[in-house]
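Structure, as structure tokens:
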Number of protein chains: 2
Amino acid sequence: MPGRNIDEWIDRYLSVSFLVMKRGAALVKGSLCEEMTHDQYYLLRYIRRRGACTSTELAAMFGVNKSAVTAMTNRLVDKGWLRRDRDENDRRVIVLSLTEHGEAWVKEMDRSVYRLVEEVIARFPEEEIEAFIRTYERLARVLQEVEEAT
Amino acid sequence: MPGRNIDEWIDRYLSVSFLVMKRGAALVKGSLCEEMTHDQYYLLRYIRRRGACTSTELAAMFGVNKSAVTAMTNRLVDKGWLRRDRDENDRRVIVLSLTEHGEAWVKEMDRSVYRLVEEVIARFPEEEIEAFIRTYERLARVLQEVEEAT
DNA sequence: CCATTTTGTTCAACTGTTGAACTATTAGTA
DNA sequence: TACTAATAGTTCAACAGTTGAACAAAATGG
């Protein structure tokens, strides 16, 4: 009976994803400095990787309201980690990018977070890591598709 | 050079885990009713599965402060979904369990959340699902070990 | 030219979280 | 036994993150 199997997977997935989310967040937070929160670290990492981006992009990417992005970026600008620049081609748009200060802080935080994640990852065989991350990335794409279809 | 590989995995894992966390939460929230938040749904699910548990257990399990659990359970008790009972063998302890009302609501929410997750899961081959969830569960155990070792 | 759309902000209200101070109860020990 | 430790949970102020509605400014497209 295939339905049985699927319900079991769903149940296991829901349980474990919440657990890993909470425990993972707690561990990462323990590796960060007092000044930087978990969400701020990830958001800065995302903007760094993208080079620059807009509020609209961030809101769509992370599935939150634009006003949530404004609130978060306000705090990051206040701390001097993030810069807001008006786009001269389209003056409605505000381009977000890391300041040098922000780059340095994220790089610093990367050091301790990477050490932590490495400690975790080292306990898995290489093939398992590769397969897991690949499925995880595929899941991220599927979630975006499902969200767009709604 | 193996260090190169590990750093790439760490980077990919950090990026994708945040993305899936945010997008997944947004999707699940869309499947829930207005009255129940994402975190409340998962917490009620956990307590239901355990039958009954304490604040201390929840705090340890999810890596949060006990006062955070008090605040969350307060809201759930106010909504009539959760019950607090004093343990007569150890009167410091308060046992948390779902009310009938709570059971019914979680079961109701399960229906729409399961439908959503099924839609996502259906896009993956069975072996991939099974392997992914197994590694995920192993990750949850490793995170607990790492946290305990700290 | 003017209505519509897009981009981002402001605000009030809420959930989730921390950390310190607190109460009540139990356990350990001298 | 009596007193100190530890444990379980709550309270409180302060903060981060979130929503949703109302808003301003700028671009788009008839």
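Each chain gets a letter, A, B and so on, in the order the sequences are listed, and its residues count up from 1. Everything numeric in this text was worked out from a predicted model, so none of it was measured.
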Legend entry - With sequence neighbours excluded, residues passing ring-ring contact (aromatic ring centres under 6.0 Å, His included) with B/Y46: B/F62

Legend entry - Counterpart residues, side-chain contact (heavy atoms from CB on, under 4.5 Å), relative to A/R134 (two or more places apart): A/E130

Inset, instruction - Kindly write out the residues that satisfy side chain to side chain donor-acceptor pair (under 3.5 Å) with B/S67, not counting sequence neighbours, or none if the list is empty. - result: none

Inset, instruction - Ignoring backbone atoms, test whether A/S67 places a side-chain nitrogen or oxygen under 4.0 Å from the OP1 or OP2 oxygen of C/dG8. - result: no

Inset, instruction - For DNA chain D, note the earliest and the latest nucleotide, 5' to 3', having some atom under 4.0 Å of a heavy atom belonging to chain A. - result: D/dA16 to D/dA27

Inset, instruction - Using a heavy-atom cut-off of under 4.0 Å over every strand shown, decide if A/D90 touches base, sugar-phosphate, or nothing. - result: sugar-phosphate

Inset, instruction - On DNA chain D, check which nucleotide each of B/R84 and A/N89 is closest to and give me the residue with the more 5' one. - result: B/R84

Are any protein N/O atoms closer than 3.5 Å to N/O atoms in nucleotides 4-6 of chain C? If there are, list each pair with its distance.
residue, atom, partner, partner atom, Å
C/dT6, O4', A/R92, NH1, 3.4
C/dT6, O2, A/R92, NH1, 3.0

Inset, instruction - Give none if D/dA25 has no partner; otherwise give the nucleotide forming a Watson-Crick or G-U wobble pair with it, both distances under 3.5 Å. - result: C/dT6

Inset, instruction - Have a look at B/S55 and say if it touches a base, only the backbone sugar-phosphate, or nothing, with a 4.0 Å heavy-atom cut-off. - result: sugar-phosphate

Inset, instruction - Return the 5'-most residue of the pair B/R86, B/E34 with respect to DNA chain D, ranking by each residue's nearest nucleotide. - result: B/R86

Legend entry - Residue pairs, two or more places apart or on separate chains, that pass salt bridge (Lys or Arg N to Asp or Glu O under 4.0 Å) and touch residues 138-150 of chain A: A/R138-B/E128, A/E145-B/R123

Inset, instruction - Determine which nucleotide pairs with C/dT26, using a 3.5 Å limit on both distances of a Watson-Crick or G-U wobble pair. - result: none

Inset, instruction - Over 60° means perpendicular and under 30° means parallel, so classify the ring planes of A/H38 and B/F18, tilted if in between. - result: perpendicular

